[in-house]
Amino acid sequence: MNYRLYLTENCNLKCKYCYETNKTTNEMNFENIKSIVDYEIQQNNKNSLINFYGGEPLLRKDLIYKTIDYIKSKNTKTKFNFGLATNGMLLDDEFLKYIKKNNFTHIAYSIDGNEEVQNRNRILPDGKGSFDVVSENAKKTLKTLKNVVAMVTVTKNTLQNLSDSVEYLISIGFKIINLQFDYTANWNDTDLDKIENEYRKISRIYYKNIVEKNPINILIFDKKIRTYIDDTYVCNKECKFGMENLYVATDGNLYPCVQFVGNPKYIIGNCEKGVDVNKRDLLIKNAYKESNICKQCAIRNRCNHTCCCRNYITMKDINKVSPIICETEKIFIKISDELAERLYNNYPKIFIQKFYKV
Ligand code: SF4
Ligand code: SF4
Ligand code: SF4
């Protein structure tokens, strides 16, 4: 099982688009962490992943140290790995050494791009930009760990610079880029052309890097290309709403996915008692009800319309797909197919190995 532990709801940045809209000073109690570790050990899983999450989890480095010490003190066959989602502000040399020593498999590093773009939204409480610290720490982090994912938020006011930002992130060493589209923004029809234009430019950057043997991963294209190659793929297989991932809120309640944290309707257990299987199964049963339009859509197996989280944040209903999701999915799939075709015709080794495993 993968856990995302919300160590704190507090943050040292004040990003303009922050999803933690009701930021509080709530923090995780260490007793809750102990309970969830004990619960996971009882499950006898071979592997387990603990992700430290927030707010900004590095405001509570002490809890990270205590959690890992607690796990080490246990006599268990479960192999625990760790991950971290951070804004990078507090990733100092000492903590990077700690990460290297302690089975951290990946870091989700929030960074929007070059100086202009990063400082547009990702600001400190006093209004100053975070670029200088975040970009320097990103370079150091990339030297420490292979698996560092640039988590880029795509908003209306950064879209026009998105391809420049991707280029910047690749230039400082990122190999994995996750473009997180802000579906909640007030997108309109005229934005669709701009979205297509910018993502097409990014697909050219991807192509150029792969052909020049720089093994980058831009996850939106990688995922969509995979859905073409493996036609048995369905998007919801990847996440299994509440089955593989558990979100542990600061108060110790368990949720099936990120957008539901804090909403009592979606609590599926708590740290002491673990997962309430009946509640979880009922939620799963009520999820993935496709509309007739989607059922008949030629790209339904390649589209993320079954993502309960996205449907919930856009339509307040886990089964209703918003027009912006439908339109952007079509754009992303079209561009990915064009990209894949160009790459297949050029046949670079990295592409063939990555998607065809030969
Ligand atoms: S770093 Fe994350 S939690 Fe902190 S203000 Fe920015 S978006 Fe919100
Ligand atoms: S592209 Fe639109 S119609 Fe087709 S499956 Fe996705 S959301 Fe449904
Ligand atoms: S609801 Fe969406 S984001 Fe959440 S686990 Fe499922 S597919 Fe992933």
Side-chain angles (χ1 to χ4, degrees), residues 1-8 11-13 33 37 46-72 78-114 118 122 130-153 165-180 206 209-210 213-223 238 244-245 258 350 353-354:
M1 182 65 92
N2 301 334
Y3 297 87
R4 287 184 170 82
L5 304 185
Y6 282 69
L7 297 187
T8 174
C11 188
N12 48 355
L13 287 186
I33 300 182
V37 169
K46 215 170 147 197
N47 292 298
S48 172
L49 177 65
I50 305 272
N51 273 295
F52 298 106
Y53 223 69
E56 174 47 47
L58 294 186
L59 288 170
R60 294 302 312 269
K61 283 178 188 162
D62 59 315
L63 277 182
I64 299 179
Y65 300 142
K66 276 167 85 173
T67 305
I68 295 179
D69 284 349
Y70 184 68
I71 290 169
K72 282 181 182 164
T78 304
K79 182 173 187 312
F80 281 86
N81 290 309
F82 305 102
L84 172 70
T86 178
N87 61 31
M89 292 291 290
L90 298 172
L91 261 180
D92 53 22
D93 292 344
E94 196 189 332
F95 196 75
L96 286 172
K97 269 190 211 145
Y98 180 79
I99 277 174
K100 219 172 166 179
K101 270 213 233 141
N102 284 285
N103 293 350
F104 276 76
T105 53
H106 67 280
I107 294 180
Y109 195 105
S110 297
I111 180 168
D112 281 353
N114 57 28
Q118 173 78 6
R122 300 192 68 80
S130 59
F131 175 79
D132 291 343
V133 178
V134 170
S135 63
E136 276 319 299
N137 287 350
K139 290 174 201 164
K140 283 195 241 167
T141 308
L142 286 158
K143 282 185 194 142
T144 307
L145 201 71
K146 213 170 136 214
N147 220 350
V148 185
V149 185
M151 306 294 286
V152 178
T153 303
S165 291
V166 167
E167 222 148 14
Y168 169 75
L169 294 171
I170 294 170
S171 78
I172 63 169
F174 278 103
K175 301 283 183 214
I176 315 171
I177 298 177
N178 189 357
L179 303 175
Q180 300 176 291
Y206 185 113
N209 276 275
I210 297 296
K213 301 191 174 65
N214 182 16
I216 59 158
N217 304 273
I218 297 181
L219 301 186
I220 181 67
F221 297 138
D222 290 350
K223 283 183 184 171
E238 228 179 79
E244 288 182 353
N245 296 308
V258 64
I350 298 175
Q353 277 172 344
K354 182 163 158 184

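The shown structure was predicted, so the numbers you read here are calculated from the model rather than taken from an experiment.
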Quick one: are [X] and [Y] in side-chain contact, heavy atoms under 4.5 Å?
X      : Y      : answer
Leu7   : Leu59  : no
Glu56  : Leu13  : no
Leu179 : Val166 : yes
Leu90  : Lys61  : yes
Tyr109 : Leu169 : no

Output yes when a side-chain donor or acceptor of [X] lies under 3.5 Å from a complementary backbone atom of [Y], and no otherwise.
X      : Y      : result
Asn217 : Lys175 : yes
Ser130 : Arg122 : yes
Asn87  : Met89  : yes

Query - Ring geometry between Tyr65 and Phe95 (parallel below 30°, tilted from 30 to 60°, perpendicular above 60°) - result: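 Phe95 and Tyr65: tilted rings.
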Query - Aromatic ring pairing Phe221/Tyr206, orientation class (parallel under 30°, perpendicular over 60°, tilted between) - result: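 If you compare the ring of Phe221 with that of Tyr206, the planes turn out perpendicular.
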**Report entry** Heavy-atom pair with the smallest gap, counting every atom of Ser135 and Tyr168
**Finding:**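 Ser135 and Tyr168 have their closest heavy atoms at CB-OH, 3.3 Å.
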Report task. Taking only Lys NZ, Arg NE, NH1 and NH2, and the carboxylate oxygens of Asp or Glu, determine whether Glu94 and Lys97 approach each other closer than 4.0 Å. Result ->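 A salt bridge is absent here (no side-chain N lies under 4.0 Å from a carboxylate O).
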Query raised in the report: So, Asn47 versus Asn81: side-chain donor-acceptor pair below 3.5 Å or not?
Result: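 No, because no side-chain N or O of Asn47 sits under 3.5 Å from a partner of the opposite role on Asn81.
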Report task. Please name the residue in the list Thr141, Leu91, Val148 that meets the side-chain contact (heavy atoms from CB on, under 4.5 Å) test with Leu84. Result ->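 Exactly one candidate clears the test, Leu91.
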